[in-house]
Amino acid sequence: MSMKAECFNPELTINSGQMFLWQKKKDAWYGIHADHVLKLSIDDQHADKKEGRIKYDSFPEDRGWEKRLFRMDDDIDKILNIISFDPLVRSSVMRYPGLRVMRQDPIQCMFSFLCASNINIQRIRKILFNLCNRFGKKMTVDGDQFFMFPRPRDLHAANIAEIVNCGTGYRAKSIKMLASKIHNREIVPQELIRMSYEDAKRSLLDIYGIGDKTADCILLFSLEKLEAFPIDTWIARIISNKYEILLGKNNMGTSSLRHHLSHQQYRFLSSRMRMHFGAYAGYAQQYLYYYSRHIAGRKW
DNA sequence: GTACAGGCAGTAT
DNA sequence: ATACTGCCTGTA
């Protein structure tokens, strides 16, 4: 069976819960990516042609951003074939053609998932847009105003109260502490990228407010660790329903899995899934995650 | 009112 | 190691 890379679907990928700061205006999608506004427009006039149907722009210009953001440098045919040995992943790959893992800006990704704990996607978006509006630089694109993602130094300099006012709640302390660590170069994204998965994960877990799940999201979506397998409530649900066989006999009841995962349980499950899917477990996770939310009827 | 949402840290045992 | 708790805040 061959998977077709040309069926890449940017709209589906943007809306798959990996990235939070994209919005649709008229017939185009606009995304905040660090200090750039990215624009993706569907050219309906050329809908009959496969090539060049999607137009990619960036402000300021940044040629080839789509290749980096959507990981077009991955050998997607190979990856999908490898993870499709698993029947459920295989059916998800066929069911959601064009879904990809994104390669986000590491700093934006860290703050985004740091904000994501204990809330739903709508609220994550709201908080992040508020932070941009309050602390980010303004840019006008196509007559609309956009606010870039805040720089760590600006969040580092902010009052906790100002951050709380963006709707972050108790996350404000974590945001400020992460900003300080990046500003002081205690955390350097390029170094984390060079490290192994395990070493980079340990570094992330040292950051206040970052636990197993958040760390794995950052590793997968921005630090080149495609073996990372984040387990959130949706993935936990699908594991308990469909992958009981991988859980081991006496380890945990599938019921406890739906509620809270201890650190030990998370480590165990995550490494089991990594053993099962291999070096591209993160891609498998993304397809399973999408499937799990889709069958639950979530509207993203 | 109160339960819940893509977790996490802190404390006691 | 595990069990249990509180946490900001918006929405149903």
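Values below: every heavy atom of this structure, side chains too, minus hydrogens, waters and symmetry copies. Chain A is the first sequence line, chain B the second, and so forth, proteins listed ahead of strands; every chain is numbered from 1. Quick caveat: nothing in here was measured; it's all calculated off a predicted structure.
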Practice problem: Applying ring pair (Phe, Tyr, Trp, His ring centres under 6.0 Å), name anything that partners A/H263, two or more places apart in sequence or on another chain. | Solution: none

Quiz prompt | Touch class at under 4.0 angstrom, heavy-atom based, for A/I207 against every strand present | solution = sugar-phosphate

Quiz item: Can the ring centroids of A/F85 and A/H276 be said to lie less than 6.0 angstrom from one another?
Solution: yes

Quiz prompt | Residues clustered with A/I160, ILVMFWY side-chain links under 4.5 angstrom | solution = A/V164

Quiz item: Taking for each residue the nucleotide of DNA chain C with the nearest heavy atom, is it A/Q122 or A/I119 whose nucleotide lies nearer the 5' end?
Solution: A/I119

Quiz item: In the 5'-to-3' direction, what one-character label does each nucleotide of nucleotides 1-6 of chain C receive under the scheme B = base within less than 4.0 Å of a protein heavy atom, S = sugar-phosphate only, - = no such atom?
Solution: SS----

Quiz item: Under a 4.0 Å heavy-atom cut-off, which of residues 168-176 of chain A touch DNA chain C?
Solution: A/G169, A/Y170, A/R171

Self-check item: Nearest-nucleotide pick for A/N120, side chain only, options being B/dA5, C/dT9, B/dC8
Solution: B/dA5

Protein-nucleotides 1-3 of chain B N/O pairs under 3.5 Å:
none

Exercise. Among residues two or more places apart or on two chains, list those pairs meeting salt bridge (charged side-chain N to carboxylate O under 4.0 Å, His left out) that have a residue in residues 168-185 of chain A.
Key: none

Exercise. Return the residues of residues 214-224 of chain A meeting this criterion: a heavy atom under 4.0 Å from some atom of DNA chain B. Order them by number, or give none.
Key: A/T214, A/C217

Quiz prompt | A/Y291: side-chain hydrogen bond (donor to acceptor under 3.5 Å, both in side chains) partners, not counting sequence neighbours | solution = none

Quiz prompt | Partner set under side-chain hydrogen bond (donor to acceptor under 3.5 Å, both in side chains) for A/N118, not counting sequence neighbours | solution = none

Self-check item: Nucleotide of C/dC7, C/dG10, B/dC8 approaching A/K126 most closely (side-chain heavy atoms)
Solution: C/dG10

Quiz prompt | For A/Y290, all residues meeting ring pair (Phe, Tyr, Trp, His ring centres under 6.0 Å), sequence neighbours excluded | solution = A/Y96, A/W300

Practice problem: Enumerate the residue pairs fulfilling salt bridge (charged side-chain N to carboxylate O under 4.0 Å, His left out) with a member in residues 144-162 of chain A, sequence neighbours excluded, ordered by first and then second residue. | Solution: A/R134-A/E162, A/R151-A/D154

Quiz item: Where does DNA chain C pair, written as one dot-bracket string 5' to 3', with Watson-Crick or G-U pairs under 3.5 Å, ( ) inside the strand, [ ] for crossing pairs and | for another strand?
Solution: |||||||.||||

Quiz item: Base, sugar-phosphate, or nothing: which does A/R298 touch, judged by heavy atoms less than 4.0 Å apart?
Solution: sugar-phosphate

Exercise. Select base, sugar-phosphate, or nothing to describe what A/I127 touches, counting heavy atoms under 4.0 Å on all strands.
Key: nothing

Practice problem: Look at all strands and tell whether A/F113 reaches a base, only sugar-phosphate, or nothing, counting heavy atoms closer than 4.0 Å. | Solution: base

